[in-house]
Structures are given as structure tokens and as C-alpha cells.
Undergrad: 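Take this structure first; my questions come after.
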Amino acid sequence: MVSDQAVPDWLNKGDNAWQLIASTLIGIQSMPGLVVLYGSIVKKKWAVNSAFMALYSFASSLIIWVLLGFRMAFGERLLPFWGKAGPALSEDYLVRQARIPATAQYYHNGTVETPMVEPFYPQAALVLFHFMYAAITLILLAGSVLGRMNIKAWMVFSPLWLLFSYTVGAFSMWGGGFLYHWGVIDYSGGYVIHLSSGIAGFTAAYWVGPRIKSDRERFSPNNVLLMIVGAGLLWLGWSGFNGGAPYAANIIAPIAVLNTHICAATSLLMWTCLDVVFFSKPSVIGAIQGMMTGLVCITPAAGLVHSWAAVVMGLFSGSVPWFTMMILHKKSSLLQKVDDTLAVFHTHAVAGLLGGILTGILAHPQLASIELPVPGTMGFAYGGDFTQVYKQIIGALFIVGWNIFATTAILIAIGWFIPLRMPDDQLMIGDDAAHGEEAYALWGDGEKFDVMRHETIPHASRGNDDVQVQLNNIAARGVTIQL
């Protein structure tokens, strides 16, 4: 017999189970998804460093999140854009019904217009779910500075950025801040996660400085097949990313998941077609970038638009970021000066901003009435005026401005104590200089196997048995594959 304490009246088992599943799917996007993707999409000499940056960010984010971060993003209001800091570790706090206290919407006379968000599961499930969002935001940001940022500087930057940049955007848009109550739409992170990571990553790339010339000129993936595996985990994990945003296993969740995959597929195909038309051949990296921009673009709208709108958004997300990356980037001195390693600015900032604006046009009033706190919210295409698009633009400007300011301040402060960029002599080496480890050291510690060494050449004069032993020894040692 299950006690009432274990299953209180307010607990919805289906919602609780789905929220935990969605959290796990988002976690898989980071671990191992982005760890594998980053470790394979970069040059061989940066595989370990790139994967470790993602691994470290995931671990450090959790500790900071439960100590201070969650309540700064989803706690009681301290400022219009920030919540009161505090731990999310006590049993009393974590087992009670989840709630986001600052989300209650009031009329001018003080009466409640929309009650606070109170999902039907424990607070622990909400803490876990939003940790996964916070962690992946940091890992996406890391893509801009791969291949040269001092790992010690990154270890300091990660928790500070989470506290002083991410929590501000999360509270303002989701936790009951001024953008939330004003009616800016960000269904599941087009602004809070993707626009933030793209702008902060671009800003960080500016302050850290570029890779060495040889890396900028040639930075081919060291393992294309593993790169596809990482991208696949990222795509499928987006079912939890957008499906968990309603905080319930309701009718919005499956619509969001379906729209997510429709937009991603459309965007991938659009990007690939443009590659074929302009460059005569499809690119695997291009297909992954198109997939990514589709996933990012639909994120602020996933549960709020019809599926035909997801196709439209996919066409835009597969073409607009393609244009900014392939055409505009080559003509802009600023974009060329800033060394954004994985083009996070284009795949996340541009696609996130595009998705936010399209949400202001395509948000369906019936779906919006189920999910959003401000009654009467609808897109321009459904009879609304230009107000919602205007709100989306203002919300984006706040996210952009805050991320530039906070990221700059944090990196300048760190730079006083720790060099942000590795020295050139270490950049020539890569992983071995940063970690004393290599990704593909198959022969000892990267030692080359010399078949001409006397002791490795079999001698028939020693007898057949001795020859076989010698050959076995050679085979056991293996050889280094130069990638």
C-alpha cells in the first residue's frame, strides 16, 4: 500500500513521469550528445579539450544551480529581471508541489488574472528540468570558443555566466519577470537559451581572441560519423526540450514535439538544397547546421503554432541563417574578425531571433490561450496587430543587451587573473598541452611505430615459434593512425 505522503492528492503521476523523461532527454542532448558532437566536429588535436569543456559545464552547472541559480531564475521576485537567490536542496522545498511564485498575473485592482504556475509534481522535478536547460545553454555557448580558450578560464567562466547572465534571462522570460508579464513569448528557449548562447558565445569569442591561423584556415572534423551520431542525439532529445515546456503531459506537448521534428526536417532539407544549388554538392556539416537552425527556430513557438506554420518556419530557418553564414559572413568585417568556431552566432542567435519574430506572427490564439499567461495573446497572422511582433523584438533586444554586458564584464574580470586564451605554442599542440591527453593515441602516448627498428623485425633464423611470437608482439603493440 502506497502512503499518502508518497503520493499526495496534488501529484499527477503522468505529468511527473513525463517531466522526468523530458529532463532526461534534454540531458542526453548534452551528455553524451554535445560531448560527442564537439569531440568529433573539431580538428583531431582539439577533440579532448572540446568534449571536456562540455563535460565540465554540465557538472559545474548542477552544483551552482541547486545552490543559488534555480531560485534566482524561478524564485520570488527581487528585481523586475531577477529572483531572490537561495538553495534548492532541503527536503521541505523539494518534495512540496512545484510552483513559480512570481508568475501570478494581477489586474490593476490587485485581483488575480492568471494564477501562479503550479505543476502537479514535486519541486524537485522542476529544479531538474530547468537545470537541463541551463546546462545545455552553457555548452552551446562553448561552441564559439573551442580550439583556443584557456580551460582554466572556462572553468571559472561557466558558473559565473550561469549566475549573472542565464538566470536574468530565465527569470525575465519564464520566472515571472517583466517580459513574462508583458507578454513576450518564448515557449521553450528561443530567447532564453539560443539567442543568449549565440550572443554570449559571439561576445566571448571576441574577448578570448581567434584561433591560430592554421586552425582557422583548416578545421576539418576528425570523425564525421561520430559527428552525425552526436547530432542525432541532439535532434531526438529535442522531443524533451520542447515537449517538456508545458510542465504537463497535456495536449500542447505532442503538438510541440511534432512541430519540432517537422521544422527540423524542413530546415535540413532546405539547407541541403541550397548547398547543392550553390556549391554543387550536399554537405554533411551543412545538413547538421540546417537541422540545428530548424530546431532552434521552432523552439520559441513549438506548442503555439499549427504544423503548417512549422513547415514555413523550417523554410525560413533553412535559408536565412544559411544566407547570413554563407553570404553575409564573408562580406562583414566584424563577422570575419570574430572567430566563432562552430558558427553559434548563426545557428543559435540568428535562428533564435528569427523564431521569436515568426512566433509573433504565427502564434495561434487558441493554443496561446492554453499556454500563455496574458489573455488574448495571438500572432499577427490571426488578426492581432503588430503589438506582439513589437514585444518579441523588445524582448530580443533585452536578451542581446544583457548577454553582451554580462559576458563582457565576466570575461574582463577573469582576464585580470587568468589568461583567457592559451599561448600560441600550446595552441600548436592542442589537447596534449591543455590536458596531457590525446583522443587517438593508439601507440603508447602518441609514439610512432617504427617497423624498421631491429628488435621488431622477425628473424627466421630463430625458428618458426620465435617468429610467430615476434609477429604477435608487433600486432599487439599496434600503430598510430595519423588524423
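The model shown is predicted, which means the values in this text are computed figures rather than measured ones.
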Undergrad: Is a donor on one side and an acceptor on the other found under 3.5 Å between the side chain of N403 and the backbone of A200?
TA: no

Undergrad: Apply the test side-chain contact (heavy atoms from CB on, under 4.5 Å) to residues Q336 and H329: give CA-CA distance (whole Å), side-chain angles for both, the deciding distance (0.1 Å), then the verdict.
TA: CA-CA 6 Å; Q336 291 210 346; H329 186 98; 4.3 Å; yes

Undergrad: Can you find a heavy atom in the side chain of M227 that is under 4.5 Å from one in the side chain of N222?
TA: no

Undergrad: Got a sec: does the CZ of F405 have more than 12 other heavy atoms crowding it under 6.0 Å?
TA: no

Undergrad: Please determine whether a side-chain nitrogen of the Lys or Arg among R211 and D339 lies less than 4.0 Å from a carboxylate oxygen of the Asp or Glu.
TA: yes

Undergrad: Classify the ring geometry between W308 and H306 as parallel (under 30°), tilted (30 to 60°) or perpendicular (over 60°).
TA: perpendicular

Undergrad: Do side-chain atoms of T103 reach the backbone of V117 as a donor and acceptor pair under 3.5 angstrom?
TA: yes

Undergrad: Would you check if the side chain of N259 reaches a backbone N or O of A302 as a donor-acceptor pair within less than 3.5 Å?
TA: yes

Undergrad: Among all residues two or more places apart in sequence or in another chain, which pass the side chain to side chain donor-acceptor pair (under 3.5 Å) test with W207?
TA: T408

Undergrad: Any sub-3.5 Å donor-acceptor pair from N150's side-chain atoms to L420's backbone N or O?
TA: no

Undergrad: Consider ring pair (Phe, Tyr, Trp, His ring centres under 6.0 Å). Of Y133, Y180, F81, F70, which one does W174 pass it with?
TA: Y133

Undergrad: Should L140 and H348 count as side-chain neighbours, where that means a heavy-atom distance under 4.5 Å?
TA: yes

Undergrad: Please report the shortest heavy-atom distance between R148 and L427, naming the atom on each side.
TA: CA-CD2, 3.4 Å

Undergrad: Side chain of S332, backbone of L328: donor and acceptor closer than 3.5 Å?
TA: no

Undergrad: Quick one: do D215 and K45 make a salt bridge, cutoff under 4.0 Å?
TA: yes

Undergrad: Return yes when atom CZ of F131 has more than 12 non-hydrogen atoms of other residues, nucleotides or ligands closer than 6.0 Å, and no otherwise.
TA: yes

Undergrad: Could you go step by step and tell me if S317 and T293 meet the side-chain hydrogen bond (donor to acceptor under 3.5 Å, both in side chains) rule?
TA: CA-CA 6 Å; S317 64; T293 55; 4.6 Å; no

